[in-house]
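Since this is a predicted model, take the numbers as computed values, not measurements.
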Amino acid sequence: MKTNSTKNDIVNTISTAAALITGLITGAFLVLAFTNTCRDNLPSNLLYLSSIRNQNTTATSIQLEAILHYATSKVVPQQNIDEIRLSYDVLRKLAPCNFLVFGLGYDSLMWAGLNPNGTTLFLEESPEWVQTVLKDAPFLKAQTVSYRTQLHEADRLLATYRDEPDCLPGKTFLKGNMKCRLALENLPEEVYEKDWDVIMIDAPRGYFNEAPGRMGAIYSVAVMARGRRRLGNTHVYLHDVDRKVEKEFAKEFLCMKYKVGGVGRLWHFEIPHAQDNDTFC
């Protein structure tokens, strides 16, 4: 029918336009990157847009949404371009993959777009913020999660977790683990069922005493990575490592021997399966 033909023409036109726009932006990105001109001020969304051309000749629907969003918005991701590239380089190789992100924000559409046809799940502590974000981007997968800790407890939790057998490596578990306060025991079922290839820890809040802090997230991600069932290692990214709690808990549970990169306030760990070990590190 003529209507279907018209629709097809529109879709083809949009795809072609997206490819052309992406090519132009990619060219600009490459010129700026190689000349190192104004590198510190380069918008993070240019890095994302350049990935579309490198990954695929046909943009996925979420990538087209991302192009539209970042091309028409002054809001850019929280991480700077060098920090984003650290994750982007791995996602480019692994996508489509299972990508778990602690936190939901202005960069969420970018992260989902960097994992085309994969599973990208966002975990957020604020139900109101989830509703706000999903109102404008209903195609993102986001779940609300709760935490049992507060930031002011961090030192005590780190000093005493070994006293609880259900916190010890080789014995610990996450789902339903009420005895270990560092274990995230009530996450969405999908989190426990899947092996996550890439995990980004950029939440929950950790900048005032009553905030949940990232102690439980860091510990639980270490447990997930160690208990991986599929072949391969788990890539873990931890943001805000300039803060004491993130740095100390990373050293204790993610292990500096597994740290393979870092830039700015972001550390990259590649953690192997190690369920039977007696120590985390």
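- The shortest distance between side-chain heavy atoms of Y258 and P272 falls below 4.5 Å.
- Nearest heavy atoms, N115 versus A95: OD1-CB, 3.6 Å.
- The backbone N or O of W196 lies less than 3.5 Å from a partner atom in the side chain of R228, making a donor-acceptor pair.
- Classification of D202 and R214 as a salt-bridged pair holds, one side-chain N sitting under 4.0 Å from a carboxylate O.
- Note: K259 NZ to W267 CH2 = 6.0 Å, rounded to the nearest 0.5 Å.
- Closest heavy-atom contact between R162 and E252: NH2-OE2, 2.6 Å.
- Scored by the side chain to side chain donor-acceptor pair (under 3.5 Å) test, S146 finds no partners at all (sequence neighbours excluded).
- The backbone N or O of D166 lies less than 3.5 Å from a partner atom in the side chain of N177, making a donor-acceptor pair.
- Distance alone, capped at 3.5 Å, places no donor-acceptor pair between the T144 side chain and the E125 backbone.
- Side-chain contact between E270 and T234 is absent, with no heavy atoms from C-beta onward closer than 4.5 Å.
- Here E83 pairs with nothing under the salt bridge (Lys or Arg N to Asp or Glu O under 4.0 Å) rule; sequence neighbours left out.
- The closest donor-acceptor contact from the side chain of T160 to the backbone of D163 lies at 3.5 Å or more, if one exists at all.
- We find the CG-CG distance between L109 and D136 to be 10.5 Å, quoted to the nearest 0.5 Å.
- Proximity of I271 to N233: side-chain heavy atoms (C-beta onward) are nowhere separated by under 4.5 Å.
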> What do the steps show when you test K175 against V191 for side chain to side chain contact (heavy atoms under 4.5 Å, CB included), and what is the final call?
Replying inline: CA-CA 10 Å; K175 183 179 179 180; V191 178; over 6 Å; no
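- When side chains are defined from C-beta on, W111 counts as touching L91, because their heavy atoms get closer than 4.5 Å.
- A salt bridge does not link R85 with D82: none of the charged nitrogens is closer than 4.0 Å to a carboxylate oxygen.
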> Between C97 and V198, does a side chain to side chain contact (heavy atoms under 4.5 Å, CB included) hold up when you go through it step by step?
Replying inline: CA-CA 8 Å; C97 65; V198 182; 4.3 Å; yes
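- In terms of heavy-atom proximity, P188 sits nearest to V145 at CD-CG1, 3.8 Å.
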> Would F208 and E210 satisfy side chain to side chain contact (heavy atoms under 4.5 Å, CB included), going step by step from the backbone distance to the final call?
Replying inline: CA-CA 6 Å; F208 59 96; E210 292 73 28; 3.9 Å; yes
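- Side-chain atoms of K247 and L238, non-hydrogen and from C-beta on, never get closer than 4.5 Å to each other.
- When every heavy atom of P116 is checked against every heavy atom of T60, the shortest pair comes out as CB-CG2, 3.7 Å.
- In this structure, the separation between CG on L94 and CG on D89 is 11.0 Å, given to the nearest 0.5 Å.
- Ring geometry, H268 versus Y237: the interplanar angle falls under 30°, so the pair is classed parallel (tilted spans 30 to 60°).
- Residues F139 and L134 form no side-chain contact, since every pair of their non-hydrogen atoms from C-beta on lies 4.5 Å or further apart.
- Residues V260 and F280 do not share a hydrophobic cluster, clusters being chains of Ile/Leu/Val/Met/Phe/Trp/Tyr side chains in contact below 4.5 Å.
- Below 30°, between 30° and 60°, or above 60°: for F249 and F253 the angle between ring planes is between 30° and 60°, a tilted geometry.
- Rounding to the nearest 0.5 angstrom, the gap separating the CD atom in E185 from the CE atom in M178 is 5.0 Å.
- No donor-acceptor pair under 3.5 Å is formed between the side chain of S108 and the backbone N or O of L104.
- Residues F102 and I84 do not share a hydrophobic cluster, clusters being chains of Ile/Leu/Val/Met/Phe/Trp/Tyr side chains in contact below 4.5 Å.
- A donor-acceptor pair is defined here as one N or O able to donate and one able to accept, closer than 3.5 Å; such a pair exists between the side chain of Y192 and the backbone of L187.
- Put simply, V241 and L266 are part of two different groups of oily side chains (I, L, V, M, F, W, Y) that touch within less than 4.5 Å, one to the next.
- Residues M256 and V236 are members of one and the same hydrophobic cluster, defined by side-chain heavy-atom contacts under 4.5 angstrom among Ile, Leu, Val, Met, Phe, Trp and Tyr.
- At distances below 3.5 Å, not a single donor-acceptor pair connects side-chain atoms of R226 with backbone N or O atoms of V221.
- The pair R265-D240 meets the salt-bridge criterion, since a charged nitrogen lies less than 4.0 angstrom from a carboxylate oxygen.
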>> Walk me through whether R230 and K194 qualify under side chain to side chain contact (heavy atoms under 4.5 Å, CB included).
In response: CA-CA 10 Å; R230 296 197 304 179; K194 276 187 168 60; over 6 Å; no
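- The stretch residues 150-159 participates, sequence neighbours left out, in these side-chain hydrogen bond (donor to acceptor under 3.5 Å, both in side chains) pairs: Q150-H152, E153-R156, E153-R181.
- Minimum heavy-atom separation, L151 to M215: CA-CE, 4.1 Å.
- R243 forms no cation-pi arrangement with Y207, by the criterion of a distance under 6.0 Å to the ring centre and an angle within 45° of the ring axis.
- Although no hydrogens or angles enter the test, the distance criterion places a donor-acceptor pair under 3.5 Å between the side chain of S220 and the main chain of G216.
- Counting only distance, with no hydrogens or angles, the side chain of R148 and the backbone of C180 share a donor-acceptor pair below 3.5 Å.
- Of the possible polar contacts, one joining the Q63 side chain to the G113 backbone as a donor-acceptor pair under 3.5 Å is found.
- Using a 4.5 Å heavy-atom cutoff, the side chains of F99 and D197 are not in contact.
- Put simply, V90 and I199 are part of two different groups of oily side chains (I, L, V, M, F, W, Y) that touch within less than 4.5 Å, one to the next.
- You'll find the side chain of V101 stays beyond 4.5 Å of the side chain of L123, heavy atoms only.
- In this structure, OG1 on T120 lies 11.0 Å from CE on M200, to the nearest 0.5 angstrom.
- When all heavy atoms are compared, the tightest approach of G227 to H273 is C-ND1, 4.0 Å.
- The 12-atom threshold is not exceeded at NZ of K135, counting heavy atoms of other residues, nucleotides or ligands nearer than 6.0 Å.
- To the nearest 0.5 angstrom, N186 atom CG is 11.5 Å from L174 atom CG.
- Counted within 6.0 Å of NZ on K251, heavy atoms from surrounding residues, nucleotides or ligands total 12 or fewer; the atom is thus considered open.
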